[in-house]
4 protein chains.
Amino acid sequence: MKVGLIGLGKMGLSLGQQMLEKGHEVTAYDVNPDAIEVIAGCGAKKAESLVELVSMLQSPRVLWLMVPHTHVDTVLEELLPLLASGDIVVEAGNSHYKESIRRANRFKEYGILYLDAGTSGGMEGARHGACYMVGGDPQAWRVVEPIIRDTAVENGYLYTGQSGSGHFLKMIHNGIEYGMMAAIGEGFEVLEKSEFDYDFEKVAAVWNNGSVIRSWLMELTERAFSKDANLDEIKGVMHSSGEGKWTLETALDMQVATPVIAMSLLMRYRSLETDTFSGKVVAALRNEFGGHAVEKKE
Amino acid sequence: MKVGLIGLGKMGLSLGQQMLEKGHEVTAYDVNPDAIEVIAGCGAKKAESLVELVSMLQSPRVLWLMVPHTHVDTVLEELLPLLASGDIVVEAGNSHYKESIRRANRFKEYGILYLDAGTSGGMEGARHGACYMVGGDPQAWRVVEPIIRDTAVENGYLYTGQSGSGHFLKMIHNGIEYGMMAAIGEGFEVLEKSEFDYDFEKVAAVWNNGSVIRSWLMELTERAFSKDANLDEIKGVMHSSGEGKWTLETALDMQVATPVIAMSLLMRYRSLETDTFSGKVVAALRNEFGGHAVEKKE
Amino acid sequence: MKVGLIGLGKMGLSLGQQMLEKGHEVTAYDVNPDAIEVIAGCGAKKAESLVELVSMLQSPRVLWLMVPHTHVDTVLEELLPLLASGDIVVEAGNSHYKESIRRANRFKEYGILYLDAGTSGGMEGARHGACYMVGGDPQAWRVVEPIIRDTAVENGYLYTGQSGSGHFLKMIHNGIEYGMMAAIGEGFEVLEKSEFDYDFEKVAAVWNNGSVIRSWLMELTERAFSKDANLDEIKGVMHSSGEGKWTLETALDMQVATPVIAMSLLMRYRSLETDTFSGKVVAALRNEFGGHAVEKKE
Amino acid sequence: MKVGLIGLGKMGLSLGQQMLEKGHEVTAYDVNPDAIEVIAGCGAKKAESLVELVSMLQSPRVLWLMVPHTHVDTVLEELLPLLASGDIVVEAGNSHYKESIRRANRFKEYGILYLDAGTSGGMEGARHGACYMVGGDPQAWRVVEPIIRDTAVENGYLYTGQSGSGHFLKMIHNGIEYGMMAAIGEGFEVLEKSEFDYDFEKVAAVWNNGSVIRSWLMELTERAFSKDANLDEIKGVMHSSGEGKWTLETALDMQVATPVIAMSLLMRYRSLETDTFSGKVVAALRNEFGGHAVEKKE
């Protein structure tokens with residue numbers, strides 16, 4: 001089918017290439033002209049602006065957004081006056097589900113159908129078969145399902161119902177991911193500090209063959225250790241892009257106890273610091289009551 | 001090869017059946033005569049006591065223990081005087097690694113070779129292909145490797161070196177498992193309390209196809225929901241058999257921060273209670289300073 | 001000084017009585033006429049509506065709000081058209097600091113000075129000497145400081161600067177309070193489950209005399225145990241009124257790791273449930289891979 | 001009364017001085033001769049060895065140990081053959097309660113009465129009035145109570161019953177202390193990172209006057225900030241001397257959920273590291289699936 005693809009970053013480019021490979025007609029735009037050239041080289045039609053992109057497609061159009069969640073509103077506001085009733089927007093980035101509900105309602109006023117599509121599987125998934133969780137207008141879903149199915153791994157998509165439910169599910173997916181990754185990290189840290197001399201790549205490998213914790217994340221762990229046996233090259237600074245935080249905030253709003261997800265997030269924040277004010281206060285207190293020595297700043 | 005199998009519980013029986021299927025000669029003993037009959041029906045030789053079991057094998061014997069970790073010492077002490085120098089003990093249960101080191105040292109005094117084999121993969125693994133992490137005597141390892149390889153999934157075993165390292169690795173594996181399971185549980189709890197109406201089996205299914213969190217545990221989650229769509233039949237009481245606790249205790253001894261594993265364990269303990277004294281104290285305090293109402297016992 | 005007191009709940013009534021005792025002239029209003037009668041009986045002037053309240057005071061008026069944070073906007077919107085430039089609003093409830101900043105800015109447009117006053121010390125504090133943390137307009141602060149000083153314990157107030165800083169500080173105070181209370185609760189739970197037979201009131205008492213953890217909260221713990229030696233009468237359900245949640249949300253926004261405050265909050269949420277979906281999932285998973293029995297719903 | 005004081009470190013010296021001040025006759029010994037001279041200068045009798053110390057006292061003797069918990073057994077084993085039936089040992093350090101039970105039982109075989117005395121209040125308490133929690137032989141308690149009462153703050157001691165119960169209670173006290181300190185530290189860290197410009201000493205001061213969280217630890221916080229307004233001089237490395245760990249281990253043995261105490265301990269361990277292997281694994285994983293940049297080691 002014909003699709004207008006907006007956003008050619010790591011995820012968007014890979015996905016566009018896959019769409020083309022699967023025989024879809026992609027018209028692509030990105031703020032970065034180089035990215036457009038790359039996908040044009042793979043067979044996509046080029047649009048030099050959103051205006052041009054929309055004009056190159058005929059109503060009912062399918063517009064597929066794959067932009068950072070901080071840019072979604074900017075793109076959508078520019079897009080809105082260009083679209084016609086019956087057009088479909090597939091917002092496939094990592095937006096907060098409440099934003100998706102708000103946007104879907106706004107577009108609905110103009111007769112434009114909106115889908116919030118959570119996309120998992122990383123860059124490899126985008127390139128060779130993703131995992132989709134899609135909420136929003138059921139009519140739009142029926143139109144878009146074929147391209148979703150074509151670019152997903154087998155059985156790798158789910159229509160989740162009302163607007164917001166796709167991005168909500170993706171958010172929770174990421175929350176679980178935070179917890180799983182932290183569990184794996186903690187386990188390897190204990191191994192690393194132990195009296196035993198493990199080959200971490202081999203450990204991850206054996207765990208990927210028949211163990212209870214076999215998983216794609218463990219396969220990636222194996223791969224990471226195959227490149228850098230003790231991860232000597234990298235620092236343990238764990239950035240985050242928001243979905244873990246949203247998961248916890250949502251859990252708080254619902255009064256659901258999610259201690260594992262909470263701690264996996266808080267330890268990411270902790271990793272951003274080399275020293276903490278909290279630690280200073282506790283060290284100072286130990287000194288005050290017990291005379292325990294504090295470590296001085298150099 | 002010829003192996004004396006001691007312990008025919010869920011894991012031992014399944015493993016014995018697999019050994020027989022793969023062409024090994026199994027002589028089996030269990031305190032429960034019925035279990036012996038079952039495996040005899042699969043082709044194993046029956047021993048009615050440890051004495052008989054040992055007498056039916058010729059030195060150098062391979063004795064494979066698959067008994068609850070609380071029974072290992074009892075069995076070993078009974079076994080020790082029956083064995084000869086050069087015999088091999090494979091302790092394939094969930095023992096604490098320090099116990100395994102102690103036992104290996106004790107048996108070494110008698111010239112008996114000791115392997116501590118962590119076994120993962122659950123009952124299915126035991127029956128059709130397990131995942132082994134084996135520490136201990138390297139000479140014994142060379143003798144036993146063929147039957148380990150035969151009863152493991154492909155590449156599903158690792159010799160980890162010195163005594164204790166196999167059970168240590170299995171312990172950490174379980175610690176990670178605790179964290180992963182808790183993360184999955186928390187995620188589904190947020191889904192369950194959300195405004196959306198998810199089909200949990202379908203959610204687990206889509207996550208198993210192409211998502212970052214695809215894993216055997218998620219496959220089991222899918223299977224669990226396929227049997228009971230909302231888990232209405234069961235209570236959320238999470239028992240534990242010790243390895244998560246050992247992981248945390250070991251981390252504490254090493255001064256390693258493992259908050260996710262810690263919380264996954266503590267929430268299991270919390271689930272054993274319907275009310276907590278801790279909660280009573282906090283509720284009473286809120287009442288004392290702020291006049292906030294407490295909930296009364298019926 | 002003359003003050004218009006709006007809100008005669010547990011805190012407002014106690015504080016009004018203290019103001020009267022300290023010689024201030026209180027004109028009081030509440031939606032509940034009975035509350036007005038009570039404080040009138042203590043010497044306050046009665047207002048039957050906000051309109052009347054404002055009319056009974058002369059500009060520059062001092063209006064002191066002591067209403068639930070969910071009602072602040074309603075009261076303020078009704079109050080705004082009644083006030084004159086130069087009037088002062090002291091919002092002494094538990095509002096979110098961002099709300100206080102927003103409200104201060106809104107009132108500033110009309111020349112009305114706004115103070116956000118966090119009030120601690122519970123009902124006893126309100127009655128006999130509170131602890132205030134006050135942010136907002138410095139000119140208003142100078143006007144209001146005398147009544148703040150009179151109704152605070154000695155040295156029990158701090159002007160914290162710009163708008164929002166008072167309620168922010170109160171929020172953090174409550175976050176610390178959550179953590180302290182949870183620590184006390186956990187400690188007593190371990191005592192309660194121990195092999196020893198402690199008299200909890202005496203334990204709290206001895207800890208209040210010379211120990212490192214002596215504190216007002218421990219005094220309240222002592223008092224609570226003096227009334228109900230084993231807290232048999234109450235359930236450990238820990239409700240919360242929002243400030244702990246705000247503290248954690250604020251910490252997340254700042255990427256500060258606050259695991260103790262986080263866990264104290266999440267355990268409150270956990271206490272609201274008798275069973276958890278999270279626990280069901282984990283129990284089901286243990287059954288799937290290991291055949292571990294689940295507990296069935298009756 | 002006459003007491004033989006063994007151990008003149010920070011706590012022992014202060015306590016000895018207090019005993020002398022209160023009119024008790026102290027015979028003192030320490031491995032460090034300088035410490036003996038100091039207390040002799042305060043009026044104590046000097047013993048140059050344990051043998052001499054014991055010989056200078058007449059049965060029934062009272063021996064008061066105030067040595068690091070790692071040295072208790074060494075001292076006790078040296079002491080045991082020197083003592084006579086009816087003598088009393090007061091072990092007032094921070095021993096694990098199970099050790100205290102074991103030691104009490106061992107000494108009981110020889111007719112020697114044993115008390116396990118948890119001592120709180122820090123160095124100031126030792127010097128001017130401590131807080132004691134004492135378990136062990138009731139007959140010994142009656143003998144020793146006067147000197148305990150004299151060196152405690154008013155009502156600052158409790159006889160807790162059977163052997164071990166004193167040190168158990170002190171252990172829990174320290175567990176609560178860990179949690180309280182962490183809560184305070186976290187709160188100030190949020191303040192420190194906030195948009196507001198607080199004077200931390202003044203904040204601690206106002207919280208000590210009438211707030212819900214007024215406490216000795218907050219007074220010490222105030223004092224610490226009075227010396228170093230932003231704690232610029234010290235590093236946030238939080239060492240620990242064991243009692244928090246014992247509390248958590250004990251809670252695990254009892255299957256009690258103590259998440260706040262657990263996290264306060266784990267964050268201490270985390271503070272000992274500048275980078276973590278756990279963080280490296282998570283950062284590597286984020287890079288593997290999402291192409292998120294890792295921070296490189298310099």
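Per chain, numbering begins at 1; letters A, B, ... match sequence-line order.
The contact between T221(C) and chain B is made by backbone and side chain atoms together, counting heavy-atom distances below 4.5 Å. For R268(C), the part sitting under 4.5 Å from any heavy atom of chain B is the side chain, from C-beta outward, and nothing else. Proximity to chain C is limited to the side chain of E192(B), based on heavy atoms less than 4.5 angstrom apart. Only the side chain of F200(C) has a heavy atom closer than 4.5 Å to any heavy atom of chain B. Both the backbone and the side chain of V282(C) have a heavy atom closer than 4.5 Å to some heavy atom of chain B. Contacts between M263(B) and chain C at a heavy-atom distance below 4.5 Å involve the side chain alone, from C-beta outward. With a threshold of 4.5 angstrom between heavy atoms, A126(B) does not approach chain C through any atom at all. In this structure, the portions of S241(C) lying under 4.5 Å from any heavy atom of chain B include both its backbone and its side chain. Interface residue M267(C): only side-chain heavy atoms are found under 4.5 Å from chain B.
If you tally non-hydrogen atom pairs under 4.5 Å between each of L217(B), I184(B), L220(B), V190(B) and chain C, the highest count goes to L220(B). Most heavy-atom pairs under 4.5 Å with chain C, from the set L191(B), N287(B), D275(B): that is D275(B). Among the candidates K10(B), M238(B), R270(B), the residue making the largest number of heavy-atom pairs closer than 4.5 Å to chain C is R270(B). Comparing I234(B), L231(B), V281(B) by how many heavy-atom pairs each has under 4.5 Å with chain C, the most go to I234(B). Per-residue heavy-atom pair counts under 4.5 Å with chain C were compared for K280(B), H292(B), E124(B), and the maximum is reached by K280(B). Per-residue counts of heavy-atom pairs under 4.5 Å with chain C were compared for G187(B), S264(B), A293(B), G236(B); the largest is that of G236(B).
Contact detail for R286(B) and S240(C): the closest heavy-atom pair is NH2-CA, 3.9 Å.
Within a 6.0 Å sphere centred on CG of D232(C), other residues, nucleotides and ligands contribute more than 12 heavy atoms.
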task: Determine, stepwise, if the pair K193(C) / E186(C) fulfils salt bridge (Lys or Arg N to Asp or Glu O under 4.0 Å).
output: CA-CA 11 Å; K193(C) 290 228 177 126; E186(C) 291 180 8; over 6 Å; no

- request: Show your working on side chain to side chain donor-acceptor pair (under 3.5 Å) between E222(C) and N208(C) and close with a plain yes or no.
  value: CA-CA 8 Å; E222(C) 184 182 344; N208(C) 279 322; 2.9 Å; yes

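A salt bridge between D116(C) and K170(C) is absent, with no side-chain N of the basic residue lying under 4.0 Å from a carboxylate O of the acidic one. Salt bridge R223(B)/E288(C): present, at least one basic N to carboxylate O contact under 4.0 Å.
Two rings, from H167(C) and W246(C), have their centers 6.0 Å or more apart.
Counted by atom type alone, E243(B) and T247(B) present zero donor-acceptor pairs between their side chains at under 3.5 Å.
Between F188(B) and F225(B), the ring-plane angle classifies as tilted under the 30° and 60° cut-offs.
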